[in-house]
Amino acid sequence: MGGKATKVKIQRVNKGAGRPRKANVERFPCGKIKPFETEKENISVAMAARRRIHGFGKTVDDETVRSPYAGYTLGRIFLDGLISDEQRQAGDDYAEVMARYHKTTGIPAPSPRAQSLFAVKGHEGEVTESLADRARKASNRMMELQAVLLRCEDGPQVRSTVYNVAVMDYDHLRQMSPQQLLWLRRGLIALRKAKAVRWR
């Protein structure tokens, strides 16, 4: 309908259209805005996620939510006040022994969250004597701790409860029944006593 002058006029009007350019922000040479999230903002996002996912209510203070113990099931049970610090430490030591056993023997970790399902597991072609010795020691230590748990009253239930909480990290066990909590405490106390006897 219009001539060239009308088209130029429309282009000039449209040039200022759109969202205005952000001022006072750092940019890359290409013009893209540099990310400027601060550490405090990142922590607040993580804390909000922990509150939402793990059920820490508004009454729980920020230090508790920020605690490294809030990152795994046994630690959250400790933060809930259901087990003592010594019992939590015994469970952490048990989980460490189990992880060392799986690593040195080449057996994949039991939790799907802890492994790549498509990676090849196991040892290289040659197993050296030192590697075999480490694997033997880790296996003996693992079997020793399993025997400690099985010697408890209700041994199989105690062993599976401690294993599922400390190693498998099943979050639903945070709301375990009083009987399961009794088995967990019984196993952690036995592990703690076994460690004290071993290091005398």
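FYI, side chains are in, hydrogens and waters are out, and symmetry mates aren't considered; it's all heavy atoms of this structure.
One N or O on the side chain of Asp169 and one on the backbone of Thr73 form a donor-acceptor pair closer than 3.5 Å.
A distance of 6.0 Å separates CG of Leu173 from CD of Gln180, quoted to the nearest 0.5 Å. Taking CG of Leu184 as the reference point, atom CG of Leu74 lies at 6.5 Å (rounded to 0.5 Å).
Scanning for ring pair (Phe, Tyr, Trp, His ring centres under 6.0 Å) contacts around Phe78 gives Tyr69, with sequence neighbours left out. A search for salt bridge (charged side-chain N to carboxylate O under 4.0 Å, His left out) contacts involving Glu96 returns Arg100, not counting sequence neighbours. Residues satisfying the salt bridge (charged side-chain N to carboxylate O under 4.0 Å, His left out) criterion with Arg27, sequence neighbours excluded, are absent altogether. Judged as a salt bridge (charged side-chain N to carboxylate O under 4.0 Å, His left out), and not counting sequence neighbours, the contacts of Arg174 are Asp80.
Two residues are said to be in side-chain contact when any heavy atoms from C-beta on lie closer than 4.5 Å; Val25 and Lys34 fail this criterion. Here the side chains of Leu82 and Leu181 are in contact, with some heavy-atom distance below 4.5 Å. Annotation: side chain of Glu26 is not in contact with side chain of Ile33 (no heavy-atom distance under 4.5 Å). A heavy-atom distance below 4.5 Å is not found between the side chains of Val97 and Glu144. The shortest distance between side-chain heavy atoms of Gln87 and Arg185 falls below 4.5 Å. Side-chain contact between Arg141 and Tyr101 is absent, with no heavy-atom pair separated by less than 4.5 Å.
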Return a table of donor-acceptor pairs under 3.5 angstrom between the side chains of residues 147-155 and protein atoms on other chains or two or more places apart.
from, atom 1, to, atom 2, distance (Å)
Asp154, OD2, Trp183, NE1, 3.2
Asp154, OD2, Arg186, NH1, 3.4

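Listed here is the closest heavy atom pair of Thr105 and Ser139: CG2-OG, 3.6 Å. Val65 approaches Met47 most closely through the heavy-atom pair CG1-O, 3.8 Å.
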- Would Ile83 and Leu188 count as a side-chain contact (heavy atoms from CB on, under 4.5 Å) if you check the C-alpha gap in whole Å, the side-chain angles of each, and the deciding distance to 0.1 Å? CA-CA 9 Å; Ile83 59 173; Leu188 295 176; 4.2 Å; yes
- Output, in order, the C-alpha distance, side-chain angles, deciding distance and verdict of side-chain contact (heavy atoms from CB on, under 4.5 Å) for Arg192 and Arg88. CA-CA 10 Å; Arg192 180 77 178 162; Arg88 180 204 51 80; over 6 Å; no
- Task: Please lay out, stage by stage, how Met176 and Val165 fare under the test side-chain contact (heavy atoms from CB on, under 4.5 Å).
- Result: CA-CA 10 Å; Met176 66 178 74; Val165 171; 3.7 Å; yes
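Asp92 and Tyr72 are linked by a side-chain donor-acceptor pair at a separation below 3.5 angstrom, with hydrogens and angles left out of the test. Tyr94 and Gln89 are not linked by any side-chain donor-acceptor pair at a separation below 3.5 angstrom, with hydrogens and angles left out of the test.
The existence of a salt bridge linking Asp171 and Arg76 is confirmed by a sub-4.0 Å separation between a basic side-chain nitrogen and an acidic carboxylate oxygen.
Applying the salt bridge (charged side-chain N to carboxylate O under 4.0 Å, His left out) test to every pair with at least one member in residues 43-57, sequence neighbours left out, gives these pairs: Arg51-Asp62.
Connection of Ile189 to Leu182 is not established within any shared hydrophobic cluster, with ILVMFWY side chains joined at heavy-atom distances below 4.5 Å, either directly or through further cluster members.
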